[in-house]
S.K.: 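One structure is given below, represented as structure tokens, and several questions about it will come after.
We count residues from 1, following the sequence as given. Values below: every heavy atom of this structure, side chains too, minus hydrogens, waters and symmetry copies.
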Amino acid sequence: MAHSSSRTPSIFVLTGAGISADSGLPTFRDANGLWEGHRPEELATPEAWARDPQRVWRFYQARRRALLDVQPNGAHAALAALEAELRGTSGAFQLVSQNVDDLHARAGSTPLSMHGQLLELRCSACARVVRDTLNLELETFVPCGARGHPALRPNVVWFGEQPLHLKEIYAAVQRCTEFVCCGTSGAVYPAAGLIELARAGGARTWVQALEPPDNLGAGDRFFRGRAVEALPQLLGELLGELLGELLG
């Protein structure tokens with residue numbers, strides 16, 4: 001289906017670990033990334049938590065500590081500014097992040113976090129979720145204040161678990177006219193399949209990454225480089241084209 005300028009502009013943005021790399025947070029699959037020396041099934045599955053919760057807890061506590069020491073970067077700010085500009089207009093904007101950090105929110109965006117939030121903890125017994133930035137000792141579990149369960153787990157989506165907000169996400173992709181993919185590997189599903197859904201719906205597809213992601217298509221506009229530099233350029237060109245169509 002060809003792109004139709006008669007549709008009301010609707011921008012969907014999907015972000016991955018690459019957007020937070022410029023804030024100092026490591027990505028997963030690159031050299032020296034979070035999985036370097038570890039297999040994901042050792043640290044990021046329900047089975048790993050059941051088998052060795054202390055090891056999993058130490059890993060996530062270290063990540064929670066590190067998150068409090070970093071700040072949003074220019075790429076986060078560019079998306080927050082775009083959302084603020086479109087708020088209250090006829091154009092629609094939806095930001096979805098695969099990241100479990102809170103840097104989008106700190107920059108002023110209102111994302112759907114499809115893989116949960118690192119600074120939240122969840123009770124496996126009663127499903128209670130709490131935001132926690134104080135209990136960061138590597139060896140000390142945080143109990144559930146409601147039911148007394150001895151160890152809350154990180155409120156993140158592990159391998160083998162269902163991502164969050166999928167109904168809203170799929171609906172937003174299906175109505176979007178512009179699909180932007182920022183800093184993702186294109187290897188983790190179902191997120192990696194969203195761009196194909198957008199293509200099938202006639203959306204223009206825009207991709208930013210250090211290297212071409214696994215799911216890059218021939219018709220995608222590809223912007224190679226760090227998110228903090230390439231994403232503002234991408235958004236500028238996207239908005240320029242939309243403005244030209246509206247004025248034309």
Side-chain angles (χ1 to χ4, degrees), residues 1-22 27 72-87 89-99 103-104 107 109-114 168-248:
M1 185 185 299
H3 174 77
S4 173
S5 58
S6 63
R7 293 165 63 188
T8 301
S10 177
I11 301 172
F12 182 101
V13 181
L14 175 69
T15 65
I19 195 171
S20 296
D22 287 312
T27 59
N73 60 58
H76 296 105
L79 289 173
L82 177 60
E83 181 176 340
E85 186 175 332
L86 293 176
R87 192 177 295 132
T89 71
S90 59
F93 179 87
Q94 181 63 68
L95 172 61
V96 172
S97 185
Q98 299 176 76
N99 299 336
L103 297 182
H104 280 305
S109 294
T110 52
L112 292 176
S113 299
M114 65 186 302
E168 292 172 82
I169 290 169
Y170 284 128
V173 172
Q174 288 172 328
R175 66 174 175 262
C176 78
T177 61
E178 314 291 332
F179 183 98
V180 179
C181 196
C182 170
T184 78
S185 65
V188 178
Y189 286 81
L194 295 178
I195 193 169
E196 180 57 38
L197 182 62
R199 294 184 194 117
R204 281 188 294 218
T205 46
W206 311 70
V207 178
Q208 173 278 319
L210 278 176
E211 300 293 338
D214 292 355
N215 59 351
L216 187 68
D220 301 341
R221 309 272 192 94
F222 180 53
F223 291 72
R224 185 191 297 265
R226 296 164 52 201
V228 73
E229 297 168 349
L231 184 61
Q233 178 191 354
L234 182 162
L235 295 178
E237 291 195 23
L238 185 160
L239 291 175
E241 289 202 13
L242 288 180
L243 182 60
E245 290 171 359
L246 290 172
L247 295 177

S.K.: How many angstroms lie between atom CZ of Phe179 and atom CD1 of Ile195, to the nearest 0.5 angstrom?
M.R.: 5.5 Å

S.K.: So, for Cys176 and Ala203, which heavy atoms are closest and what is the spacing to 0.1 Å?
M.R.: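 Nearest pair, atom of Cys176 first, then Ala203: O-CB, 3.5 Å.
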
S.K.: So, are Arg204 and Glu237 salt-bridged, with charged N and O less than 4.0 Å apart?
M.R.: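 Salt bridge: no.
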
S.K.: State the CD1-OG1 distance between Ile19 and Thr184, to the nearest 0.5 angstrom.
M.R.: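 OG1 of Thr184 is found 11.0 Å from CD1 of Ile19.
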
S.K.: So, does Thr177 use its side chain to make a donor-acceptor pair with the main chain of Ser10 at under 3.5 Å?
M.R.: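 Judged by distance alone, yes, a pair lies under 3.5 Å.
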
S.K.: Side chains of Leu79 and Val180: does their closest heavy-atom pair fall under 4.5 Å?
M.R.: no

S.K.: Report yes if the side chains of Tyr170 and Leu194 come closer than 4.5 Å at any heavy-atom pair, otherwise no.
M.R.: yes

S.K.: Taking the side chain as C-beta and beyond, is there a heavy-atom pair between Leu235 and Trp206 under 4.5 Å?
M.R.: no

S.K.: Under 3.5 Å, side chain of Gln98 to main-chain N/O of Met114, donor-acceptor pair present?
M.R.: no

S.K.: Which residues pass the side chain to side chain donor-acceptor pair (under 3.5 Å) test with Asp22, not counting sequence neighbours?
M.R.: Arg226

S.K.: Between Asn215 and Asp220, is any pair of side-chain heavy atoms under 4.5 Å apart?
M.R.: no

S.K.: Would you say the side chain of Glu83 lies within less than 4.5 Å of the side chain of Thr110, judging by non-hydrogen atoms?
M.R.: yes

S.K.: For residues Phe222 and Arg224, report the shortest heavy-atom separation together with the two atoms involved.
M.R.: CE2-CB, 3.7 Å

S.K.: Would you compute the distance between atom CG of Leu242 and atom CG of Leu86 and round it to the nearest 0.5 angstrom?
M.R.: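 It comes to 9.0 Å.
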
S.K.: Kindly write out the residues that satisfy side chain to side chain contact (heavy atoms under 4.5 Å, CB included) with Leu112, not counting sequence neighbours, or none if the list is empty.
M.R.: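 Side chain to side chain contact (heavy atoms under 4.5 Å, CB included) list for Leu112, sorted by chain: Gln94, Val96, His165, Glu168, Ile169.
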
S.K.: Which heavy atom of Ala80 sits nearest a heavy atom of Ala107, and at what distance?
M.R.: CB-O, 3.3 Å

S.K.: Nearest 0.5 Å, what's the CZ-OG1 distance between Phe12 and Thr205?
M.R.: 13.0 Å

S.K.: With no hydrogens and no angle check, is any side-chain donor or acceptor of Ser109 less than 3.5 Å from a backbone partner on Pro111?
M.R.: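 No; judged by distance alone, with no hydrogens or angles, the pair does not exist.
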
S.K.: Nearest 0.5 angstrom please: Leu239 CG to Leu234 CG, how far?
M.R.: 9.5 Å

S.K.: Identify the two heavy atoms, one from Asn99 and one from Ser20, that lie closest to each other, and give their separation to 0.1 Å.
M.R.: ND2-OG, 3.5 Å

S.K.: Give the ring-plane orientation class for His76 versus His104, where under 30° counts as parallel, over 60° as perpendicular and anything between as tilted.
M.R.: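 Plane angle over 60°, so perpendicular.
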
S.K.: Run the side-chain contact (heavy atoms from CB on, under 4.5 Å) check on Leu14 and Val173 step by step: do they pass?
M.R.: CA-CA 10 Å; Leu14 175 69; Val173 172; over 6 Å; no

